[in-house]
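A quick write-up on the structure given underneath.
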Amino acid sequence: MKQIFKYPFIVGMAMMLYACAPGLVPKKSTASLPDGYGSKTDTANVAQQSWQDYFADPHLVALIDTAMKNNQELRIFSQELEIARNEVMERKGEYLPFVGLGAEAGLEKVGRYTRDGAVEESLQIREDEAFPEPLPDYMLGAYASWEIDIWHKLRNAKKSAMSRFLASAEGRKFLVTNLVSEIADTYYELLALDNQLEIIRQNIQIQTDALNVVKLQKQSARVTELAVRRFEAQVLNTRSMQFVIQQRIVETENRLNFLLGRYPEQIQRDPGLFNELSPDVIQFGLPADLLENRPDIREAELNLIAADLDIKVAKAHFYPTVDLKAGLGFQAFNPGVLLSTPESLIYSAAGGLTAPLINRNAIKAAYFTAGAKQIQAVYEYDQTVLNAYIEVVNQMSRISNLKSSYDLKARQVDALTESVDISNNLFRSARADYMEVLLTQREALESRFELVETKMQQLHAWVATYRALGGGWR
């Protein structure tokens, strides 16, 4: 290196090329999170909990554990990580010296009226010492080459690849978070369908009993055939709903099995626990915790770091490149004396300096492209941070509103359940017509269905909040 800088021309050329490199200032992120979520100022954060602790249902925990081992998307992404890891190794090897071994063997016949032929004849070698014809050539040696990374072009490329590898690792964590959330949502949907199926069966029994009463009343001429047919139609309609729910259960089970990476089989669960499930009070922590807990934010941050380094790598292509090459080995036309020293010993050493001077459009294009991608990475990071905060705020509001909605619907179900008994009693005593009974039964069935749906939405909001806060990958 000291030898290089002894020559003013080389130093001057390097300075000239440095001055000719286009100026490009990387963009800085403007993302700034609020201090809290409205009036909430929790210091604890449920995102710190593992999914094994957050979900108490042993059946659900077992399903998620199976998915962690067998999910096909996770397996595919694991290979993406392996590819990124290999790229880091490749980049690291580029700024280290390349050393190799080589061996060659060949024959050569030169013409008499060529330079080499004329030299042989002019030497007037005796017949027993003449050059063999054709002339063998044997070589054995080692060679080395090294690009001196003056401008840290290769080191920055390696650091960029490392940042993208770490970003891929965060991307896998984000995939795990979404997978855990999707399995939990599907599992709770399956429990809700089980409960809706049970509600339908109970209503079929209630409606069948009412139909039998109407038939008896028709025999006593208290109602007409029209009432019998309307009650019968109500029973048939409810029984048809039973098969619709059963089909949804099959499809939901198979969607879960797909996430678990296995062929269809029955999902182990306890439908009776659904009504007992009550989402815990969620500790939201502070918005700043999102920067640490959300894998997608950390992935975007690492991609931004890589984009900053890519600008430095692209700029370094404007500067001179210094290459060193050396070789050491043996060469002879007779294999018997190939290893004779110093006669057969050969060695070489060379240094080279190259720099782009004219027609640097390709380098400029790559440089400005790196700048555009860096700006894009900043916008993506800011967008990810903003989206994370809005997701949490939305889920906070959703949990609160669903709780109020569930309480009111529970009271509605109680009122309509009582009204079914009242309407049946009034109908038996001829103080209510059959249309009132049918309407009351239909409203009671719909309200119980809506209550189950609201409970399911509550559980979905509970799961979504855990995911929005960055939980599920630990």
Side-chain angles (χ1 to χ4, degrees), residues 1-21 82-108 116 135-165 306 309-333 335 337-367 369-370:
M1 292 296 299
K2 293 181 179 178
Q3 295 296 327
I4 295 175
F5 290 104
K6 285 183 178 180
Y7 299 95
F9 171 74
I10 296 176
V11 177
M13 183 176 68
M15 296 301 294
M16 179 184 66
L17 291 170
Y18 183 88
C20 291
E82 189 64 27
I83 293 171
R85 182 184 291 109
N86 292 333
E87 184 178 354
V88 174
M89 293 176 60
E90 178 184 357
R91 296 295 184 185
K92 182 178 180 181
E94 287 180 351
Y95 65 79
L96 298 176
F98 292 88
V99 179
L101 294 174
E104 295 180 6
L107 290 174
E108 183 182 19
D116 291 339
L135 180 67
D137 185 21
Y138 302 95
M139 192 274 289
L140 176 66
Y143 61 91
S145 63
W146 184 24
E147 179 182 345
I148 301 178
D149 195 20
I150 300 176
W151 317 108
H152 285 203
K153 175 181 66 177
L154 302 178
R155 284 180 172 81
N156 285 332
K158 178 251 181 182
K159 291 179 181 178
S160 174
M162 175 60 75
S163 294
R164 286 196 166 85
F165 165 70
L309 291 168
D310 287 342
I311 291 180
K312 296 179 181 179
V313 173
K315 188 173 185 178
H317 283 90
F318 289 100
Y319 310 149
T321 299
V322 179
D323 293 308
L324 299 179
K325 296 181 180 179
L328 177 66
F330 300 91
Q331 187 174 17
F333 60 80
V337 295
L338 180 62
L339 300 179
S340 298
T341 55
E343 292 84 358
S344 299
L345 182 66
I346 59 171
Y347 57 86
S348 64
L353 185 145
T354 57
L357 185 60
I358 300 176
N359 192 11
R360 301 188 298 171
N361 290 336
I363 300 176
K364 289 181 180 179
Y367 183 53
T369 297

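The basis for the numbers below is simple: all heavy atoms, side chains too, and nothing from hydrogens, waters or symmetry mates. Along the sequence shown, the residues carry numbers beginning at 1. What you see is a predicted model, and the numbers here were worked out from it, not measured in a lab.
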[X] to [Y] - nearest heavy-atom pair and separation:
{"X": "Pro136", "Y": "Leu107", "answer": "CA-CD2, 3.7 Å"}
{"X": "Gly351", "Y": "Leu324", "answer": "CA-CD2, 4.0 Å"}
{"X": "Trp151", "Y": "Ala316", "answer": "CB-CB, 4.1 Å"}
{"X": "Ala366", "Y": "Ala314", "answer": "O-CB, 4.1 Å"}
{"X": "Leu338", "Y": "Tyr138", "answer": "CD1-O, 3.5 Å"}
{"X": "Val313", "Y": "Ala157", "answer": "CG2-N, 3.4 Å"}

Query - Check against side chain to side chain contact (heavy atoms under 4.5 Å, CB included), Leu140 and Leu101 - result: CA-CA 8 Å; Leu140 176 66; Leu101 294 174; over 6 Å; no

In Å, rounded to the nearest 0.5 Å, how long is the span from [atom1] of [X] to [atom2] of [Y]?
{"X": "Asn156", "Y": "Lys158", "atom1": "CG", "atom2": "NZ", "answer": "10.5 Å"}
{"X": "Tyr143", "Y": "Ser348", "atom1": "OH", "atom2": "OG", "answer": "12.5 Å"}
{"X": "Phe165", "Y": "Glu82", "atom1": "CZ", "atom2": "CD", "answer": "8.0 Å"}
{"X": "Ile150", "Y": "Thr321", "atom1": "CD1", "atom2": "OG1", "answer": "8.0 Å"}
{"X": "Lys364", "Y": "Lys315", "atom1": "NZ", "atom2": "NZ", "answer": "13.5 Å"}

Query raised in the report: Considering residues at least two apart in sequence or located in another chain, which fulfil the side-chain contact (heavy atoms from CB on, under 4.5 Å) criterion with Gln331?
Result: Asp137, Met139, Ile346

Report summary line: Applying side-chain contact (heavy atoms from CB on, under 4.5 Å) to Ser145 and not counting sequence neighbours gives Phe98, Lys325

Query - Main-chain N/O of Ala332 paired to Ser344 side chain as donor or acceptor, under 3.5 Å - result: no

Query raised in the report: Hey, is the main chain of Ala365 close enough, under 3.5 Å, to the side chain of Thr369 for a donor-acceptor pair?
Result: yes

Requested in this report: State, yes or no, whether a side-chain contact exists between Arg360 and Phe318 at a heavy-atom distance under 4.5 Å.
Outcome: yes

Report task. Using a strict 4.0 Å threshold on nitrogen-to-oxygen distance, state whether Glu87 and Arg164 make a salt bridge. Result -> no

**Report entry** Glu147 vs Leu154, side chain to side chain contact (heavy atoms under 4.5 Å, CB included): CA-CA, chis, key distance, verdict
**Finding:** CA-CA 9 Å; Glu147 179 182 345; Leu154 302 178; 4.2 Å; yes

Requested in this report: Take Trp146 and Asp323 through the side chain to side chain contact (heavy atoms under 4.5 Å, CB included) test and state the conclusion after the steps.
Outcome: CA-CA 6 Å; Trp146 184 24; Asp323 293 308; over 6 Å; no

